[in-house]
Amino acid sequence: MTDTNTARTIVGIIGNVIAFGLFSAPIPTMVQIWKMKSVSEFKPDPYVATVLNCMMWTFYGLPFVQPDSLLVITINGAGLVMELIYVIIFFIFATSPVRKRITIAMAIEVIFMAVVVFCTLYFLHTTKQRSMLVGILCIIFNIIMYASPLTVMALVIKTKSVKYMPFFLSLANFMNGAIWIIYACLKFDLYILIPNVLGCLSGTIQFILYAMYYKTTNWKDDDEDREKRNLSAEIELSQA
């Protein structure tokens, strides 16, 4: 039992490192926005969505919801802080309509999260009941977030080019899913397992697309291409 716990801790730490790399992926985009003093065509949606995802997973990892899940809290807590910083940067340099959208979306997320916390703590009195409710919600939001890479995959198929789907981001997403699958299996946790199986599947499909369209890709670089790659790099998988 001790060996299993030790292995789970080691795997969880590795998962934290990989996931932190994923959360750090938008930093070049944020630097570009800061230098331009404008969000240009970049969209805040992935970051706003990931804020709620991180809040949900952080709550899931708390001892009175799902015991022995400290490493779920650490990475999603760090991710929450980073995503909030990204949202703030967007808010500073966005136009008034975009700021209004961000404000409304964040307000809805906070209210929704408050309702979830209240219902979980007030109506559910065991960790099994609480982890089931919050875990199901986490899975739902992860599935919604997995819709984002589908748009880039569709672009790859349409253009027969993988230029706008960064390989190392796809690799990191796959590795992140794989390591958290191991973590979930060492002390069986269905709610962590399901979204990360989907993450691995998404990464596998992206690798297949790379194999199919790598040779047909025009790697000539220009400003428009760089902007499109930055847009595709906004896609994040921030599951635990």
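This chain uses plain numbering: 1 for the first residue, then up along the sequence.
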- Query: Does any N or O in the side chain of Gln32 come within less than 3.5 Å of the main-chain N or O of Pro28, such that one atom is a donor and the other an acceptor?
  - Reply: no

- Query: Heavy-atom count around Met132 CE within 6.0 Å, excluding the residue itself: above 12?
  - Reply: no

- Query: Quick one: do Arg101 and Asp45 make a salt bridge, cutoff under 4.0 Å?
  - Reply: yes

- Ring center gap for Trp34 and Phe93 short of 6.0 angstrom: yes

- Message: When you measure from the side chain of Thr4 to the backbone of Leu186, do you find a donor-acceptor pair of N or O atoms at a distance under 3.5 Å?
- Response: no

- Query: Got a sec, which residues hit side chain to side chain contact (heavy atoms under 4.5 Å, CB included) with Thr103, two or more places apart in sequence or on another chain?
  - Reply: Phe91

- Message: Does the structure place the NZ or CZ of Arg130 under 6.0 Å from the centre of the six-membered ring of Phe64, at an angle of no more than 45° from the ring's axis?
- Response: no

- Would you kindly say whether Tyr60 and Gln66 are connected by a side-chain donor-acceptor distance under 3.5 Å? yes

- Hey, is the main chain of Met56 close enough, under 3.5 Å, to the side chain of Asn76 for a donor-acceptor pair? no

- Item | Results of ring-ring contact (aromatic ring centres under 6.0 Å, His included) for Tyr191 - residues two or more places apart only | none

- Query: With distance as the sole test, does Thr204 use its side chain to make a donor-acceptor pair with the main-chain N or O of Cys200 at under 3.5 Å?
  - Reply: yes

- Applying the side chain to side chain contact (heavy atoms under 4.5 Å, CB included) test to Ser69, which of Val72, Ile73, Val65 qualifies? Val72

- Query: Quick one: does Asn176's side chain have a donor or acceptor within less than 3.5 Å of a partner on Ala172's backbone?
  - Reply: no

- Query: Given the side-chain rings of Tyr214 and Phe207, with only the six-membered ring counted for Trp, is the space between their centroids under 6.0 Å?
  - Reply: no

